[in-house]
2 protein chains.
Amino acid sequence: MDELQLDHQLCFKLYALSRKVIAVYRPILEALDITYPQYLVLLVLWEVKSITVKELGVRLYLDSGTLTPLLKRLEQKGILSRQRDIEDERSVVITLKPAGRSLLQDAKKIPEALGNCISLGQSEYQQLKGRVDKLLTQLTTA
Amino acid sequence: MDELQLDHQLCFKLYALSRKVIAVYRPILEALDITYPQYLVLLVLWEVKSITVKELGVRLYLDSGTLTPLLKRLEQKGILSRQRDIEDERSVVITLKPAGRSLLQDAKKIPEALGNCISLGQSEYQQLKGRVDKLLTQLTTA
DNA sequence: AATTATTTAATTTTGCACAATTAAATTGTT
DNA sequence: AACAATTTAATTGTGCAAAATTAAATAATT
């Protein structure tokens, strides 16, 4: 078997699937007027309320080059605030504002809306997530 | 279980894994002085020699907005040529040039080099690819 | 305490992705 | 044949990603 055939490449399929799934999210998130990476930031903020750019980057595997402009856009919309940490002036602390908190209510419907578009059995879903998670862990801890 | 927890989201893990795997490719492809999406275009061209932008887009799930500038960069480097189809002037035919063909020799080492970075058992690899492929098919044919 | 090294975010630059629009060529229909 | 509808690339504009550099703050070392 030719490993250089496009059709045989796992990476291409991962890349394509990732984009396709995000494309399913797009119209749903458009109702909240946010992008998928912005949604990921909000997922974190709904959990922790307040976090440094550094720690946000660790969780999302993104750096300040990507996060700074993205966070500025969310700040502009009044969803969050960015301020230097008084304890350590190198850090910038991101804090969710009321407008960002209220988005959580709308977001609660998202997982179900997505499930309707992606009909994957429970066991298949868990199995795929498990395999993806394992490989991701392997690549990030190596 | 809270489906809005970042850690529980399959899509985030797919998105993160896709980027991580491409990051593994990056230093390898840097030796050929190409990016990952450019590598995907070459994978197709090594198979078919000549193809329209339209058909390339179908295979890679990309549109002309992404492909046109990418192809122009590869044209600039003498890797391929872009010319209007004489049969149908709407189409642009992409043809591999000798410089592009010679890259195939270097590329033959890539799958093995990648395998060394991503240690995944044969059955696990096939199973993951199978699940990814199934979901991808479902989302693209729906 | 002064110097050096490290950490953190921002900035700059390059290259995707993708939506929306435009323009030209072809096809389909009357 | 004339007109309308469709197809194909290119263009424009927005928003990620990621590498490289810069600048400021903190930590570590002498």
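Just so it is clear, the model here is predicted, and its values are computed rather than measured. Throughout, a chain's letter reflects where its sequence line sits, starting with A, and its residues are numbered from 1.
- Residues from residues 33-40 of chain B placing a heavy atom under 4.0 Å of any atom in DNA chain C, listed by number, are B:Thr35, B:Pro37, B:Gln38.
- Listed by residue number, the members of residues 41-72 of chain A with any heavy atom below 4.0 angstrom from DNA chain C are A:Thr52, A:Val53, A:Lys54, A:Ser64, A:Gly65, A:Thr68, A:Lys72.
- The distance between atom CD of A:Gln76 and atom P of D:dT14, rounded to the nearest whole Å, is 14 Å.
- At least one donor-acceptor pair closer than 3.5 Å links the side chain of A:Gln38 to the backbone N or O of A:Thr35.
- Taking every heavy atom of both residues into account, A:Leu67 and A:Val53 meet most closely at CD1-O, 3.8 Å.
- At distances below 3.5 Å, at least one donor-acceptor pair connects side-chain atoms of A:Thr52 with backbone N or O atoms of A:Glu55.
- Contacts with DNA chain C (heavy atom under 4.0 Å) in residues 77-96 of chain B: B:Glu87, B:Asp88, B:Glu89, B:Arg90, listed by number.
- Contacts classified as side-chain hydrogen bond (donor to acceptor under 3.5 Å, both in side chains) and involving residues 115-124 of chain B (residues at least two apart or in different chains) are given here: A:Arg131-B:Glu124, A:Lys134-B:Glu124, A:Gln138-B:Ser119.
- Looking only at distances, no side-chain donor or acceptor of A:Thr68 sits under 3.5 Å from a matching main-chain atom of A:Gly65.
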Expected list for residues 96-112 of chain A: side-chain donor-acceptor pairs under 3.5 angstrom, two or more places apart:
unit_1: A:Ser102; atom_1: OG; unit_2: A:Ala99; atom_2: O; d: 3.0

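- In this entry the distance linking CZ of B:Phe12 with P of D:dA17 reads 11 Å, nearest Å.
- A sub-4.0 Å separation between OP1 or OP2 of C:dA17 and a side-chain N or O of A:Arg19 is absent.
- Put simply, the side chain of A:Arg82 never gets that close to the backbone of A:Val92: no donor and acceptor are under 3.5 Å apart.
- At distances below 3.5 Å, at least one donor-acceptor pair connects side-chain atoms of A:Tyr36 with backbone N or O atoms of B:Phe12.
- For B:Arg26 and C:dC16, the CZ to P distance is 11 Å, given to the nearest whole Å.
- Distance alone, capped at 3.5 Å, places no donor-acceptor pair between the A:Ser18 side chain and the A:Leu14 backbone.
- Put simply, OH on A:Tyr25 is 19 Å from C1' on C:dA17, counting in whole angstrom units.
- The salt bridge (charged side-chain N to carboxylate O under 4.0 Å, His left out) contacts involving residues 19-34 of chain B comprise B:Asp33-B:Lys77, where partners must be two or more places apart or lie in separate chains.
- Checked by atom type and distance alone, the side chain of B:Asp63 pairs as donor or acceptor with a backbone atom of B:Thr66 at under 3.5 Å.
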